[in-house]
Peer 1: 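Handing you a structure now.
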Amino acid sequence: MRCLKITAESQNLASKFFKSKEYFPIEINFGDKEKIRITKRPRKTTTEIVDVYANTIHIGMFVGIEKVGSELRFGPAGINKSHSYRGILDFTFIKLLEYFGLDELKSISIDVPEDTEFKQFLISLGFLTKINRMILELDEKKTAEMFKLLTVKPVAIKSQVGQIETIIRSNDTTANDDKVFAMVDTIVEKIKNMDPLGKEFWDNRKIAQINYYLSTAVLFPDKLEQDEFLDGTIKTIIGSLDTFNREPYMEELLIALEGGKPFSMDYIQSIIVHLRELVPNAIKELNKDEMRKWVQEMLPTWIINDKIEVETRNKIISDAQLVPTDFGSSIKENMKSIITDIMNHYNGTKIFYGVNNRL
């Protein structure tokens, strides 16, 4: 077989897909929650290694890549199970073909991948399995067909929501869009509920509110009700701190307000500094015994509220655990493994590579 020469016709098809030769690193952002990063290591031998990261977590790689004469060879390629069915290996493979180029190639070969989705993608491109390798013998016709397929159906990395949709569709090919989207919404809602915004978030949100009110007070000091503002700020600060340490924290705060020892937490001391500038008269007239009494009286209520909050959160998490029926009334034999792995990943029973991105 002669070496492949790309004709004008196939070149035209190629130009639609190979718009530019994009060098590494390649980054794909999914909002501000996730960044997929594809990097190539500095070459130390005759072969190349390409790594794939989700945020800072290593999730996949291609190894043993080299161009030998008229053959482009790939060794093993794999992806973390928590990121299967997202087209990440497909996308990376095509980027590697762009990087190395197809001109003068007779064939492309790769170790048979374990990832089912990637293996099916290679088959769709025309790869045939020969023992433990998948091989694409290139000629003008096959190359044109591959370019056409990639032009009509460009390869892209799916978000985690897209991953779940793909798995559902792969398991139930008869499900219509309405049914699939409803199932996806249910799973996404469950995953969000597994990691509810905990007490720490709301406590920090209270402090953010105080800072907002302080900024407003600086702009309009004449309209500030000093006593009311100081009372509300003190109680909000104390209410944001650990329940069983609120009494000593109150003593510490009262000392800091008088200009004594600074509060042990810098972000609270910063608030105290602003209060001393804004409401000095209210601080002088503050009834400290009333503040101490308030903490003592509120403590039993806070303890009960904390218990209810923990019980509620635990119930939400328990009810949010993914189960097989979330993905369909029945699970195909070839989908059981990936669905089990995805459930274990999001349920927290087996976090692959420590990845715990939420949708």
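Both backbone and side-chain heavy atoms feed into the values below; hydrogens, waters and symmetry mates do not.
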Peer 1: Do Arg73 and Ser109 have a side chain donor and acceptor closer than 3.5 Å?
Peer 2: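 No, because no side-chain N or O of Arg73 sits under 3.5 Å from a partner of the opposite role on Ser109.
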Peer 1: Sequence neighbours left out, what passes side chain to side chain contact (heavy atoms under 4.5 Å, CB included) with Glu228? Give chain and number order.
Peer 2: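 Testing Glu228 for side chain to side chain contact (heavy atoms under 4.5 Å, CB included), a comparison that skips the adjacent residues, returns Glu225.
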Peer 1: Look at Lys142 together with Glu145 and state whether they make a salt bridge at an N to O cut-off of under 4.0 Å.
Peer 2: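 No.
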Peer 1: As an exercise, state the distance from CD of Glu117 to CD1 of Ile88, rounded to the nearest 0.5 Å.
Peer 2: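 Reported value, rounded in 0.5 Å steps: 8.5 Å.
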Peer 1: Any salt bridge between Arg246 and Asp242, counting N to O under 4.0 Å?
Peer 2: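 Result for this pair is no, no salt bridge flagged.
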Peer 1: Let me see the working for Glu165 and Phe181 under side chain to side chain contact (heavy atoms under 4.5 Å, CB included), right down to the final yes or no.
Peer 2: CA-CA 7 Å; Glu165 180 185 335; Phe181 295 151; 3.8 Å; yes
Peer 1: Considering only NZ, NE, NH1 and NH2 on the basic side and carboxylate oxygens on the acidic side, decide whether Asp231 and Lys235 come within less than 4.0 Å.
Peer 2: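 Salt bridge present between Asp231 and Lys235.
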Peer 1: Return each pair, listed once, that meets ring-ring contact (aromatic ring centres under 6.0 Å, His included) where at least one residue sits in residues 297-316; pairs must be two or more places apart or across chains.
Peer 2: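 For residues 297-316: Trp294-Trp302.
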Peer 1: Report the hydrophobic cluster partners of Met61, with the cluster defined as I, L, V, M, F, W, Y residues connected by side-chain heavy atoms closer than 4.5 angstrom, directly or transitively.
Peer 2: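 Members besides Met61, by chain and number: Ile49, Val63.
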Peer 1: Not counting sequence neighbours, list each pair that qualifies as a side-chain hydrogen bond (donor to acceptor under 3.5 Å, both in side chains) and has a residue in residues 249-258.
Peer 2: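 Sorted pair list: Glu251-Arg292, Glu252-Ser264, Glu258-Lys288.
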Peer 1: Using a strict 4.0 Å threshold on nitrogen-to-oxygen distance, state whether Lys179 and Asp172 make a salt bridge.
Peer 2: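 Yes, this pair counts.
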Peer 1: Under the ring pair (Phe, Tyr, Trp, His ring centres under 6.0 Å) rule, collect the residues that match up with Phe118, sequence neighbours excluded.
Peer 2: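 Testing Phe118 for ring pair (Phe, Tyr, Trp, His ring centres under 6.0 Å), a comparison that skips the adjacent residues, returns Phe62, Phe93.
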Peer 1: Does the side chain of Thr116 pick up a donor-acceptor pair with the side chain of Asn334 at under 3.5 Å?
Peer 2: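 Judged by distance alone, the side chains do not pair up.
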Peer 1: Tell me the ring-ring contact (aromatic ring centres under 6.0 Å, His included) pairs involving residues 303-343, sequence neighbours left out?
Peer 2: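 For residues 303-343, and leaving out neighbouring residues, there are no ring-ring contact (aromatic ring centres under 6.0 Å, His included) pairs at all.
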